Amino acid sequence: MNSNILIIIIASAIFYGTPLFFAALGGIFTERSGVLNLGVEGTMLLGGVSGAWASQHVGGSAWFTVLMSIVIGMIAGGITSALLAFLCVTLKTNQTVAGLAITIFAGAVGLSSYFANIWGVAENPVPRQIRRLDVFGLADTPIVGPIIFNQTILTYVSWVLAVLSTVYLFRTRIGLQLRAVGESPQTADAMGISVVKYRYVHTILGGALAGIGGVFYSLAIVPTWVDGMTKGAGWIAIALVIFGFWRPSLTLLGAYLFGALQSLGSTLKARGVNISGDILDALPFVMTIVVLVLVSSRFAHRKLGAPAALGVPYEREER
Amino acid sequence: MGLETAIKMTGIVKKFPGVIANDHVNLDINFGEVHALLGENGAGKSTLSNILTGLYRPDDGSVEIAGTKVEFNSPRDALNAGIGMVHQHFRLVSTFTVAENVVLGESDSSLFMDQKAVAARVKELSDRYGLAVDPSARIWQLSVGEQQRVEILKVLYRGARVLILDEPTAVLTPIETTELFKTLRAMVAEGRTVIFISHKLDEVMAVSDRVTVLRGGRNVGTVNTRESSTRDLASLMVGRSVEFTRVQREVPAEARSIILNVTDISARDDRGGIALQSVSLTVGRGEIVGIAGVAGNGQRELAEVISGMRAMTSGSISVQGEKVQSGKARSAIAKGIAHVPEDRLHTGLASSHSVEDNLALKNYRTMSRFRILKRKSIRAQSTDLIERYDIKTPGSQTPVRLLSGGNVQKVLLAREFSALPKVLIAASPTRGLDVGAIETVRERLVQAADNGVGVLLISEDLDEIMSLADRILVMYEGRIVDEVPAEGADRERIGLTMGGIKL
Ligand SMILES: Nc1ncnc2c1ncn2[C@@H]1O[C@H](COP(=O)(O)OP(=O)(O)OP(=O)(O)O)[C@@H](O)[C@H]1O
Ligand SMILES: [Mg+2]
């Protein structure tokens, strides 16, 4: 019975951790290029609402609809981050301000809710959802069944992505150059690497991944549209990037840890364990604050391997 | 040695807010020569070479490479045209390995880089040019000299035919400089072209074939090195003739009183290692005490401890008998200790603040009423100091970081000297300065001493110490290992003790 609870907690940690990982992986790409994206929360919400809309309006087979929801969520996230890139890379505005502006502008009381309203997304349920699969019919296998063989397609994609992005960042030339842009844009520029191009591409890519995270909320976790439904997941994702030392593999583990904290409440309650729901709901955020406080000193940042030029606009003729 | 023109720059103009860094500069560089660019701080040498490497866009003028007109939009275009630069402030990713730094930006379409092949190629280049460095070492583990070799390897790896080195010797020891010159000659012997930027006359004389002198953003002449002399170049560079005489000072009075007393201090470095081990020294009124030593033997920490920027683990410091609190800069200032730190832009000045604010940083309390600053007095002080210290700046309000290296130092010196200190700690005060500025700085140091200030001069430049100091202390691995009067000091002996050899 006790091991049963444990298995359920692990399985749902993976489920709840999946969108966190997508958003955090996006954050890794963006920050590795030297751009700080504090607009993740808003970006996820815009991705989520667009995905929900697509689920209601795109016809065809169920698989196709879900795929299109994901793609449209990515596009929405990508466009949002393209705006961030324009503000931070081209106009060289303060990145903290630009990111916060995007979260406020696109977030819970902003654009995402406005779209939900005019598209009527919230009035109807999301018909085609991202469901848990029964891979190889092994979902009922004890222990590994629920944990490994009974997850959603995006979870499996995320595992592949964790491996691919690690290879990309640390083994390929492009990854090397991306890290150089984030560490020392002056150096990268002098070696003929386009700082602007790398920053745009990876900021947009990061936004697209955050968009997938949003779609996971509206198509799998809730699954319907509720204004501000990510409830701070974007902020957790930002903390996760740091928590994972800007590395996909560690971030994946971190995402599951936070996923566990997020799901703990409902899991335990469903099991009749008596514990205050408020405290449990607050746990991930308490953790987020602790992580952020611990690592927010410049010293810690450097020690943990933060890209040295993170948050600093690059101006070629400036010194 | 071919005599064709490799690079022809015509009528180059580059303006920055408030300054014309290059004012219709013409420059001809031949294939296969070492061409020196000589000029005072702020003469526009770095700017001109940044234009040549596509980093800056000129406001006017044209560039021809081997007879064809080119327009560079980025360093990539310049690299493709065979021009590479070793920047004054290194451009290296410090967390990467040497090999990784070398391949950055290489237009190779393969997805993965072949570590072994790169290492082999780096090895081959370093053997060929005597640029020894381990391809798998990380940049932060390397000494400045080694980092410079990586910079040179980087441009060679990219197949540069023309190499621009912006003040490469500023960070090198004399031995490293000699080695660098060998490398440069080897490259030229192979038909490559080297543009060597410096304001050190002997070096220019030693290594170059031709010299172009810039002054105030203009080309004031190109000469064949062999037909020229240090004296000629110096007067071209500063626009007047310079005297290279040793600073003559009255030997300070025998009965001078001790003003700074440092007793048995120990301190740790940034990484927690031991930087200073029971160092004791005294500086008398009007005395200049020189600290000689190879960089990194505790000199920086010593300066920081005395000026209150670093806590000591034991020992004591006093000025005229009054104790200075450990690790309290405010206390050190109150006791009359002035400090000219090594790292001017970060430790010495608030680099994005204006010249006038920086000048007032120390004595703003005297220029305020009811804690509100009196801008007029601050402006007046700044105008006065800019004039007296010959600071070249577009205005009193210009941010310090926009000034050239030499002028940044002048701002710092002006502030510290004008605070009328009792003790002055000067760390490498003339590093990176041109002859004119060096002269001024040295004069000021002597003047301060003549006025009774006790000066502690820390420098890696032995000549500087020999010509200024009254007494020389040698530091090695955090200890004072030797003490000699400057009068008739034996260079060789000091050189040996600096290298850790016990006599
Ligand atoms: N990016 C910049 N922005 C504003 N002003 C600049 C910039 N770069 C150079 N300048 C100004 O242009 C002038 C020439 O500077 P430059 O760096 O080319 O001099 P330099 O000859 O290399 O001097 P140094 O020997 O001190 O390095 C200086 O007055 C400097 O303040
Ligand atoms: Mg320069």
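Proteins get letters first, then strands, A, B, ... in listed order; numbering begins at 1 in each. Quick caveat, the model's predicted, so the values are computed rather than measured.
Heavy atoms from other residues, nucleotides or ligands lying under 6.0 Å from OH of A:Y314 number more than 12. Residue A:K92 places its NZ atom among more than 12 non-hydrogen atoms of other residues, nucleotides or ligands, all under 6.0 Å distant.
Of the two parts of B:R158, only the side chain, counted from C-beta on, holds a non-hydrogen atom closer than 4.5 Å to a non-hydrogen atom of chain A. Only the side chain of B:F96 comes within less than 4.5 Å of a heavy atom of chain A; its backbone N, CA, C and O stay farther away. At a 4.5 Å heavy-atom cutoff, B:T47 makes no contact with chain A through either its backbone or its side chain. In this structure, the portions of B:V103 lying under 4.5 Å from any heavy atom of chain A include both its backbone and its side chain.
Remark: A:D189 CG to B:L55 CG distance equals 5.5 Å, nearest 0.5 Å. Interatomic distance, CG of A:L176 versus CG of B:N101, reported as 8.0 Å (0.5 Å rounding). Distance check, rounded to the nearest 0.5 Å: CD1 of B:I139 to CD of A:E183 gives 12.0 Å.
No other option in B:D77, B:L79, B:N50, B:L92 has as many heavy-atom pairs under 4.5 Å with chain A as B:L92. For chain A, the option among B:E106, B:M85, B:H89, B:Q115 with the highest count of heavy-atom pairs below 4.5 Å is B:E106. In terms of heavy-atom pairs under 4.5 Å with chain A, the best-connected choice from B:S74, B:G54, B:S351, B:G105 is B:G105.
Contact of the B:R76 side chain with the A:S194 side chain is not registered, since no non-hydrogen atoms from C-beta on lie closer than 4.5 Å.
Summarising the geometry of B:V93 relative to A:S184, their closest heavy-atom pair is CG2-CB, 4.3 Å, with the distance given to 0.1 Å. Across B:R91 and A:A190, no two heavy atoms sit closer than the pair CD-CB, 3.6 Å. In terms of heavy atoms, B:K154 sits closest to A:T187 at NZ-CG2, 4.0 Å. Shortest non-hydrogen contact noted between A:R316 and B:N73 is NH1-O, 3.0 Å.
Side-chain N or O atoms of A:R171 include none that pairs as donor or acceptor with a backbone N or O of B:F112 at under 3.5 Å.
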